[in-house]
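This report concerns only the one structure given below.
Atoms within a ligand are numbered from 1 in the order they appear, just like the ligands themselves. All values below come from the heavy atoms of this structure, side chains included, with hydrogens, waters and symmetry mates left out. These figures come from a predicted structure and were not determined experimentally.
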Amino acid sequence: MSESRRVPIAILLSGRGTNMVSLVRAAGDGRLHADVRVVVSNKADAGGLLLAAELGIPTLVLNHRDFPTREAFDSALADALDQRGVEFVALAGFMRVLTPTFLNRFPRRVINIHPALLPSFPGIHAQAQALGYGARITGCTVHFVDEGTDTGPVIAQVAVQIRDEDDEDTLSARILQQENLLYPQALDDVLCGRLRFEGRRVLRAREATGC
Ligand code: GAR
C-alpha cells in the first residue's frame, strides 16, 4: 500500500455493485489513493451492500422513501457522509438525481460512471437507447456530477463497438468490463490532482499536486 495520502471517499449505489467492488479492490492494492469509508445505498436490497460487507466496508441504507422531499434526503445523506469524514463521493449505479442541497456540500467532489458516451444516451437504459438508435459505437463515461442528468464535465471515456448480434445484455456486459477498468483510473486521476479545468473541458494537469 502506498504511503501517500488516501482521500476518504463514499461510494453510493442502488444495485449490483461491480463498479463499487472494482473501486474497493483498487483502493486495497494501491491503484486508487482512496480510503473507502462507507458504501451507501438508497435500496435496502441492493446486492452491492452484501458485496461491500464481504469486503469489510461499512455500509449504510438511506431509503429515499423515508424522506418527505429530495432535499431532505440529500441533506441527511450529506450529514451521514460528513459524520464519517468523507471528502469525495463516487456514484456507482446510484439511480437518484442529486440536488444542489447535496452537491453544494461536495463541490466538484462528486463523480459518476455512465454506460454510454455522453452526451449521447443519458438517463436510464443507456445501452438499450444506443441499440434502439442504431448506433455503431457506444461506451462508458466518467464525469463530474452537476444538477442535470449526466450533464457534468467529462473526465474519461472508453468506446465499445456495437455488434450486429448484440442485445441489451451482451452489450451491457462488454460495456461493464470497460467501466470496471476505467472507473478506478479516472477516480485516481481526480483524487491525485492529475487533471485541470479549462471551461468545462477536463485536461491533464501540467503538474500533479497530490499522491
Ligand atoms: C453501471 O452500468 C453504471 O454505469 C450504471 O449502472 C450500472 C451499475 O452497475 N449507471 C447508470 O446508468 C447511471 N446513470 P454496477 O452496480 O454493477 O456497478
### Summary
The complete set of side-chain hydrogen bond (donor to acceptor under 3.5 Å, both in side chains) pairs with one or both residues in residues 174-189, sequence neighbours excluded, reads T18-N180, N19-E179, N19-N180, H33-D188, D166-R174, D188-R194, D189-R194, D189-R204
## Note on the structure
All heavy atoms of A46 vs all of S41, minimum pair found to be CB-OG, 3.4 Å
### Query
In chain order, what residues pass the ring pair (Phe, Tyr, Trp, His ring centres under 6.0 Å) check against F88, with sequence neighbours excluded?
none
Would you give me the side-chain donor-acceptor pairs under 3.5 Å for residues 113-132, sequence neighbours excluded?
| residue | atom | partner | partner atom | Å |
| --- | --- | --- | --- | --- |
| H114 | ND1 | D150 | OD2 | 3.3 |
| H114 | NE2 | F121 | O | 2.7 |
| Q129 | NE2 | P122 | O | 2.7 |
| Q129 | NE2 | I124 | O | 2.8 |

### Task
For the pair F67 and F73, name the ring-plane relationship: parallel under 30°, tilted 30 to 60°, perpendicular over 60°.
perpendicular
#### Entry: Pairwise side-chain contact, I9 with L187, heavy-atom cut-off 4.5 Å (strictly under)
yes
Per-pair distances, ligand 1 N/O vs protein N/O, less than 3.5 Å:
| residue | atom | partner | partner atom | Å |
| --- | --- | --- | --- | --- |
| ligand 1 | 2 (O) | E179 | OE1 | 3.2 |
| ligand 1 | 2 (O) | E179 | OE2 | 2.9 |
| ligand 1 | 4 (O) | I113 | O | 3.4 |
| ligand 1 | 4 (O) | E179 | OE1 | 2.7 |
| ligand 1 | 4 (O) | E179 | OE2 | 3.4 |
| ligand 1 | 9 (O) | R16 | NH2 | 2.9 |
| ligand 1 | 14 (N) | H114 | ND1 | 3.2 |
| ligand 1 | 16 (O) | G17 | N | 2.7 |
| ligand 1 | 17 (O) | R16 | NE | 2.7 |
| ligand 1 | 17 (O) | R16 | NH2 | 3.2 |
| ligand 1 | 17 (O) | T18 | N | 2.8 |
| ligand 1 | 17 (O) | T18 | OG1 | 2.7 |
| ligand 1 | 18 (O) | T18 | N | 3.4 |
| ligand 1 | 18 (O) | N19 | N | 3.0 |
| ligand 1 | 18 (O) | N19 | ND2 | 2.9 |

